[in-house]
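Following: one structure in structure tokens, then a few remarks.
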Amino acid sequence: MTNGLWLASALAPNAVAMLFNRAISALTLSAAISACASVPPARSASWTRGDRTYAEAYLRWMIEGEMRRADVRGLSVAVVNEQRILWHAGFGFADAERRVAASPETVYYAGSVSKVVTAALAMRLVDAQRIELDAPVTRYLPALTVRSRFASAPITMRQLLSHCSGLPTNVLHGMWADEPAPLSSIPALLADESLASEPAAMYRYSNVGFALAGHVIETVDGRAFETAARELLFAPLSMPSTSFAREPALLARLSQGYGPAGVQAPRPLRDAPAGSLLTTVDDLGRFAQMLLRRGRASDDTIVLRDASVDELFAPQFDGRRLSFSQRVGMDWRLGGVSVRGADEPVAWHNGLYPPFNAHVGLLRNAKLAVVVLANTESARSFIVRVGARALELMLEADTGAIQPASAPTPVTPVALAATELDPLAGEFVGSGGQRVSVRREGAALHARFAGGDMALVPISPTRFVLPIDAQGQPAAPSSDSLSATFERAGDDLALHVRGADGLSMLFQRSALASVPEAWRARAGRYTTDSTGDGYDFTHIELRADGTQLALYVERREHGATQSAAGSIVLRAASDDEAIALGLDDDTGQTLRAGRDSNGEFLRFSGFTLRRAPAP
């Protein structure tokens with residue numbers, strides 16, 4: 001679940017540097033762990049297969065160290081196999097001020113882990129032959145319309161559940177609100193939005209797409225989405241502490257949330273199927289167990305057919321353009337996290353519901369799963385690493401095969417000619433206007449990001465690594481190094497920066513072109529109504545200067561004393577439409593010009609912008 005607060009990534013001025021720093025700090029497990037504590041627990045000489053004592057001791061040591069390093073207040077974890085909970089525990093505090101300890105029964109927001117639950121709920125209705133994955137969504141929502149600059153096929157449920165629908169990441173106006181609009185409002189919201197890409201053409205993460213899928217579910221089922229989830233999934237799986245609704249009994253057990261400034265109260269989310277799941281590690285462990293049992297509940301009730309479980313984990317729309325070989329199911333990530341000793345990559349998903357963080361990971365062949373839920377924003381820096389290590393240690397206990405300590409594998413740089421490097425240079429734009437400048441200097445490429453500058457070491461004509469170690473010091477490039485991969489599709493050139501633990505960012509090269517006169521004439525100050533969104537806009541300005549068109553925004557949270565600022569870099573697609581550059585979250589959205597009885601306006605992500613009165 002992305003934050004969904006307009007320009008959230010751009011408003012942190014060092015967002016790109018933060019990603020590099022987080023990735024660098026997670027490049028090697030041993031280096032990260034050594035920063036947590038001096039000496040890890042030792043495995044007993046009498047250790048035998050089936051003994052989980054060492055695994056539990058090591059995980060406690062690791063988690064406590066990581067929490068100290070990242071200043072995380074509270075965390076809960078559970079590891080399960082297909083039959084039972086192997087280990088669960090709470091660490092730190094659910095409420096640090098009141099000294100309420102975190103436990104396996106503590107309730108957290110699971111953020112985007114909600115999506116894999118929503119996908120399973122959709123497959124329940126597929127099994128009942130009430131939803132067809134490849135039928136147009138308009139079969140179930142006849143009134144649905146979305147503006148499109150593409151000659152495209154209709155949107156399907158399969159596309160919605162695998163982020164290939166072409167819908168924008170978010171419709172931001174009203175996304176976070178004290179009184180969110182119901183899911184039935186989503187079709188009307190989308191009627192005034194434009195597709196960010198052609199359906200089925202490429203992977204583009206979409207929270208509003210999952211909200212639309214949730215509305216399909218409730219329309220077909222005839223009950224509210226949260227009721228359908230409770231009756232079709234949570235009840236048969238004995239998950240009494242799980243809900244998509246803000247039920248008073250669960251809110252009473254909800255952990256306090258902690259952001260960078262301290263206590264941070266989460267706001268209600270309109271797009272509930274995408275991110276508003278309230279749950280515990282034990283309950284979410286039961287959901288994972290159902291998947292490990294190929295769709296059966298603990299009492300052998302069939303919740304999902306075998307084929308439907310396989311479909312959830314089958315790569316969808318494999319090889320679409322700008323996929324960077326990323327494999328995604330419904331909505332499971334099928335690569336990027338590995339476990340020594342396993343014969344398969346981890347199927348996983350992370351979640352962010354500011355400031356809560358979540359991770360769930362499965363080894364389907366080994367019949368193991370892990371759930372990590374945390375109440376602090378900074379936990380995102382290590383929860384995937386904790387999950388992978390938990391699976392590795394429990395797999396060792398199951399098999400009796402101790403995995404030898406591994407070291408990063410050296411990689412061999414290749415020499416590239418200037419004719420191979422020059423086409424990769426340029427200015428690249430990511431989510432919220434983040435920029436990476438790539439240039440050739442002699443026989444090497446250099447990347448400048450957030451004020452930093454670093455050489456890129458080529459290991460193929462399109463893949464480069466950064467020659468640094470886990471502390472950011474110069475080091476020989478290895479298999480664990482932060483990587484930068486270029487991929488071309490048609491006229492697009494993209495840059496994928498990827499680190500350990502699934503950390504990654506996508507950037508799109510900004511082709512230089514003069515800004516059309518129609519857009520230059522619209523430059524100036526604007527205002528809009530953000531009632532109900534929890535923040536006010538203190539400055540909105542459309543800037544047009546030579547070859548650059550950008551929407552600059554300052555906003556201030558209600559109760560805050562300072563504003564945050566950022567820009568959306570745009571490319572004019574016509575005299576009336578400009579597209580937010582980038583390929584990551586909150587990109588590809590359309591800024592559209594229109595006219596009504598009050599004159600010309602601009603429309604962006606649900607907001608109507610009008611000229612500010614002259615001072």
Side-chain angles (χ1 to χ4, degrees), residues 114-169 171 182-191 193-229 231-233 244 271-274 295 302-321 323 327-332:
S114 306
K115 293 181 176 70
V116 298
V117 177
T118 295
L121 178 58
M123 294 307 293
R124 282 276 273 167
L125 295 174
V126 170
D127 286 350
Q129 299 184 335
R130 301 178 68 185
I131 288 178
E132 185 179 334
L133 285 174
D134 297 309
V137 171
T138 49
R139 173 186 293 182
Y140 314 106
L141 305 174
L144 176 67
T145 61
V146 186
R147 294 172 180 266
S148 177
R149 62 185 183 276
F150 310 102
S152 57
I155 295 171
T156 68
M157 197 69 167
R158 186 189 299 275
Q159 294 165 3
L160 292 176
L161 298 177
S162 55
H163 298 296
C164 286
S165 68
L167 288 173
T169 301
V171 177
L183 292 179
S184 58
S185 70
I186 299 298
L189 290 175
L190 290 174
E193 297 299 315
S194 299
L195 288 180
S197 54
E198 185 178 357
M202 64 182 291
Y203 174 88
R204 190 181 288 274
Y205 196 84
S206 180
N207 290 313
V208 75
F210 259 82
L212 184 63
H215 183 43
V216 170
I217 289 170
E218 66 180 10
T219 299
V220 169
D221 183 73
R223 294 173 288 188
F225 173 78
E226 58 268 22
T227 303
E231 298 301 322
L232 296 177
L233 273 184
F244 278 101
D271 303 339
I302 296 176
V303 177
L304 290 176
R305 294 186 303 114
D306 278 6
S308 292
V309 176
D310 287 339
E311 194 71 66
L312 289 171
F313 294 96
Q316 304 291 323
F317 302 101
D318 224 7
R320 293 306 191 214
R321 76 183 183 99
S323 68
R327 309 182 82 207
V328 179
M330 296 181 184
D331 168 39
W332 292 93

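Hydrogens, waters and symmetry mates are skipped; everything else that's a heavy atom, side chains included, is used. Count residues from 1 along the sequence. Note that the coordinates shown come from a computational prediction; the quantities given were computed from them, not determined experimentally.
- Closest approach of Tyr205 and Lys115 over heavy atoms only: OH-NZ, 2.9 Å.
- In this structure a side-chain-to-backbone donor-acceptor pair under 3.5 Å is present from Glu218 to Phe225.
- Rounding to the nearest 0.5 Å gives a distance of 11.5 Å between CD1 of Ile131 and OG1 of Thr156.
- The heavy-atom pair separating Ser184 from His215 by the smallest distance is CA-CE1, 3.5 Å.
- Residues Leu232 and Leu121 are in side-chain contact: their nearest non-hydrogen atoms beyond the backbone lie under 4.5 Å apart.
- Of the inter-residue distances, the one linking Glu231 atom CD with Arg223 atom CZ reads 5.5 Å to the nearest 0.5 angstrom.
- Among all heavy-atom pairs drawn from Pro199 and Ala153, the shortest one is CG-O, 3.5 Å.
- Here the shortest heavy-atom pairing between Ala274 and Phe210 reads CB-CB, 3.9 Å.
- Judged by distance alone, with hydrogens and angles left aside, the side-chain atoms of Arg130 form a donor-acceptor pair with the main-chain N or O of Val220 at under 3.5 Å.
- Two residues are said to be in side-chain contact when any heavy atoms from C-beta on lie closer than 4.5 Å; Thr169 and Asn207 meet this criterion.
- No side-chain heavy atom of Trp332 sits less than 4.5 Å from a side-chain heavy atom of Gln316.
- When side chains are defined from C-beta on, Met330 counts as touching Leu133, because their heavy atoms get closer than 4.5 Å.
- Looking at Arg149, its side chain does come within 3.5 Å of a backbone N or O of Leu195 through a donor-acceptor pair.
- One distance of note links CG of Leu183 with CG of Asp271; it measures 7.5 Å at 0.5 Å rounding.
- Under the side chain to side chain contact (heavy atoms under 4.5 Å, CB included) rule, Leu233 has a single partner from Thr118, Val117, Leu304, which is Val117.
- Looking only at side-chain heavy atoms (C-beta outward), Ile186 and Leu144 stay at 4.5 Å or farther from each other.
- For Arg327 against Pro315, the heavy-atom pair with the smallest separation is NH2-CG, 3.1 Å.
- Rounding to the nearest 0.5 Å gives a distance of 4.5 Å between OG of Ser197 and CZ of Arg204.
- In terms of heavy-atom proximity, Ser162 sits nearest to Gly329 at CB-O, 3.6 Å.
- Residues Met157 and Ile217 meet the side-chain proximity criterion, which asks for heavy atoms closer than 4.5 Å.
- Panel note: side chain Ser206, backbone Pro168; a donor-acceptor pair is recorded below 3.5 Å.
- Side chain of Arg305 to backbone of Gly295: no donor-acceptor contact under 3.5 angstrom is found.
- For the salt bridge (Lys or Arg N to Asp or Glu O under 4.0 Å) condition, the pairs that include at least one residue of residues 150-167, sequence neighbours left out, are Asp134-Arg158, Arg158-Glu311.
- Annotation: side chain of Leu212 is in contact with side chain of Leu141 (closest heavy-atom distance under 4.5 Å).
- Ring planes of His163 and Tyr203: perpendicular class, angle over 60° (limits at 30 and 60°).
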Going through the checks in order, is the side-chain contact (heavy atoms from CB on, under 4.5 Å) test met by Leu167 and Leu160?
CA-CA 8 Å; Leu167 288 173; Leu160 292 176; 3.8 Å; yes

